[in-house]
Amino acid sequence: MSFVKRFFRALLRGFLRVTALLLFVATFAYFGGLLWTLDLPAPRYAAFSAPKIQDHRLVLPFSPGLASAKVATFHDQLEAFLHFEYLRGRQARDGSDTSDILLTAVDTPSGPSYEIFILCDNDLLTAVPRLTELQGRNLISSYDFTTWTYKDLAYYQQQSHTFDVAYGAPAGQKLESLNSFQLRPALARFLVFKSQTDNRVLYGASDSAPRPLSRDQATQLASDILDVARFYDLPLDYFLGVGAMENDYMDVNGDLDHAVWKKRAQRDDIVLRRTRKRVMVSDYAIGTWQITRETLRAAHQLYLKDKRDYTLLPARLRPPRVLDLNSVDDAVLTTYAGLLLRGLLDHFGGDVAKATGAYNGGVKSPNPAYAAGVKTVAEYVRRVLEHAPALDDSATNTSPNANSPAAQPDALASVPVLPADLAAPPASAPQQKPPYRRADD
């Protein structure tokens, strides 16, 4: 037994010695690794330059070249240009210089990409507050700083100028000559853009704020507008101008506190107050086209007397024979809006200014300010839609070096082709106005 005990004791002592040796080696290796000097490659330049005093103020440079920030990326050229113009328009109205906002095009493996950049001061103390302010106003959703050379800047300025001149040049086709198949995709994108840039969407913090149109909703509404405009022989641009002025194409009731006095209540009226001889009823505006309840009654009477063949309209756009004011489909409201505008055009002998002004102010007192707003939108949407077929029909290929000034990137191939004499705009050319916005915008 003593031999066995001695054997196990020797075995245990050997195990403990080996364990202690391993622990010692591991400890030495750990602390040696902490103290070991690593040779790391030195960066080409410091991530941030040292703060300095410039023009009697503290600056914090962050770029070794020209500083810029990418604030938006799109894969649709028309959508990119709409947002580009909108951002510039908002900045111009605030008195800011818009020459530092550029729209560029690059080719990617998945297709053309359109990016909006803002040139910045090479100073974090001024660049970050400016971009954060734009982000707080929902004019941009995010930003990423990047560095350009002067060669890059000249190249991207040329690209941005190309977009400006192309969209400002006369289009090859007039709006009236384009069919629904050509117009529908671009019109849907325009409707989405207008709803996205509505003040209530941009600044609405509550759950009651309207939601911008989805692509499917916009496509359906675009089809409805085109069908109704054709059926009533309406000027499409002015019809769209009315929709933009009223509700930016969103299905949201308005003027909820508006009421009118009547001699007697009618079916579906919401009575607010009664006297011996009159009743006060709610007259809020309904849906996309902001038609008041009482105006909708008048429009329905026009429909009942109308001799047009309504079977030529899609079924979803045909008004019912019996009007239910408390349950009106928004698609049918588009038909009522078209009928009202057609009636006003006929009443004023085709004068679109008086007709659109009367859509808001009534036949006896057309609203000239409203008519001017409709005209501005009409001119803008005409310019956009007339260029759209050229964009959709143009081929877009990829190029191996999108940033090389030696060759124009193929992402610009879809920009409408310009005559040689339009390569640069004349110095006296008026600047295109952004879409009309409400006074509180």
Side-chain angles (χ1 to χ4, degrees), residues 76-79 81-82 167 170-196 212-251 287-289 299 303 306 308-319 329-346 350 352 355-356 359 374-375 377-396 414 416 435:
D76 179 87
Q77 185 186 124
L78 178 58
E79 183 181 6
F81 188 78
L82 289 172
Y167 279 88
Q173 301 183 77
K174 291 297 183 183
L175 185 62
E176 291 75 14
S177 66
L178 300 174
N179 57 43
S180 296
F181 179 78
Q182 294 172 298
L183 288 172
R184 188 180 297 110
L187 178 53
R189 297 197 291 271
F190 178 78
L191 299 181
V192 171
F193 160 75
K194 286 293 288 178
S195 66
Q196 288 175 339
L213 297 176
S214 67
R215 188 56 60 93
D216 289 342
Q217 290 173 325
T219 300
Q220 184 61 71
L221 179 57
S223 296
D224 293 347
I225 290 174
L226 292 171
D227 288 338
V228 169
R230 187 189 309 107
F231 181 74
Y232 289 115
D233 193 22
L234 299 174
L236 176 62
D237 48 354
Y238 281 87
F239 191 33
L240 289 166
V242 170
M245 289 290 291
E246 288 298 335
N247 222 0
D248 274 339
Y249 312 109
M250 293 180 289
D251 182 8
T288 300
W289 301 93
Y303 162 68
D306 197 4
R308 294 178 181 86
D309 183 5
Y310 278 81
T311 61
L312 299 177
L313 275 177
R316 65 190 305 274
L317 294 174
R318 300 172 199 164
D329 187 86
D330 197 56
V332 176
L333 283 176
T334 301
T335 303
Y336 282 126
L339 178 57
L340 284 171
L341 184 57
R342 180 70 265 167
L344 292 170
L345 286 167
D346 294 341
V352 290
T356 53
Y359 189 96
V374 171
K375 181 180 178 181
V377 178
E379 292 173 347
Y380 182 76
V381 76
R382 172 177 286 273
R383 178 165 65 97
V384 169
L385 295 183
E386 284 181 346
H387 283 96
L391 304 181
D392 292 333
D393 293 341
S394 297
T396 54
S414 58

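Position 1 is the first residue of the sequence, and the numbers go up from there.
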Give a yes or no answer on whether the side chain of Gln220 reaches the backbone of Gln217 with a donor-acceptor pair at less than 3.5 Å.
-> no
For Ala331 and Leu317 the tightest heavy-atom approach is O-CD2, 3.3 Å
Where do Leu344 and Ala355 come nearest, in terms of heavy atoms and distance?
-> CD1-O, 3.4 Å
Considering all heavy atoms, the nearest Val332-Pro319 contact | CG1-CA, 3.7 Å
Minimal non-hydrogen separation, Thr356 against Val352, with atom names | OG1-O, 2.7 Å
Can you find a pair of side-chain heavy atoms, one from His387 and one from Arg383, that are under 4.5 Å apart?
-> yes
Calculate, to the nearest 0.5 Å, the distance between atoms CE and OH belonging to Met245 and Tyr359 respectively.
-> 12.0 Å
Identify the residue among Asn247, Asp330, Thr334 that makes a side-chain hydrogen bond (donor to acceptor under 3.5 Å, both in side chains) with Thr288.
-> Asp330
Heavy-atom nearest pair, Leu191 first then Ala218, reads CD1-O, 3.6 Å
Arg316 versus Asp224: any side-chain heavy-atom pair under 4.5 Å?
-> yes
Would you check if the side chain of Ser195 reaches a backbone N or O of Met250 as a donor-acceptor pair within less than 3.5 Å?
-> no
Is there a side-chain contact between Arg342 and Asp306 (heavy atoms, below 4.5 Å)?
-> no
Side chain proximity check, Val192 to Arg215, heavy atoms < 4.5 angstrom | yes
Between atom CZ of Arg184 and atom CG of Leu178, what is the distance when rounded to the nearest 0.5 Å?
-> 13.0 Å
All salt bridge (charged side-chain N to carboxylate O under 4.0 Å, His left out) counterparts of Arg230, not counting sequence neighbours = Asp227
Point-to-point distance, once rounded to the nearest 0.5 Å, from CG of Leu183 to CG of Leu385 = 6.0 Å
Check whether any side-chain N or O of Ser180 sits under 3.5 Å from a backbone N or O of Leu226 as a donor-acceptor pair, and report yes or no.
-> no
Give me the ring orientation class for Tyr336 and Tyr303: parallel if the planes are under 30° apart, tilted from 30 to 60°, perpendicular past 60°.
-> perpendicular
Identify each donor-acceptor pair in which a side-chain atom of residues 231-240 lies under 3.5 Å from a protein atom, sequence neighbours left out, and give them as a table.
| residue | atom | partner | partner atom | Å |
| --- | --- | --- | --- | --- |
| Tyr232 | OH | Tyr310 | OH | 2.7 |
| Asp237 | OD2 | Arg382 | NE | 3.1 |
| Asp237 | OD2 | Arg382 | NH2 | 3.1 |

CD (Gln182) and CG (Leu175) are apart, to the nearest 0.5 Å, by 10.5 Å
Report yes if some heavy atom in the side chain of Val242 is under 4.5 Å from a heavy atom in the side chain of Val377; otherwise report no.
-> no
Rounded to the nearest 0.5 Å, what separation is found between the CG atom of Leu333 and the CG atom of Leu340?
-> 10.0 Å
Lys174 side chain near Glu386 side chain, heavy-atom distance below 4.5 Å = yes
State, with a plain yes or no, whether a side-chain heavy atom of Glu79 is found less than 4.5 Å away from one of Phe193.
-> no
To the nearest 0.5 angstrom, please state how far the CG atom of Leu82 sits from the CD atom of Gln77.
-> 10.5 Å
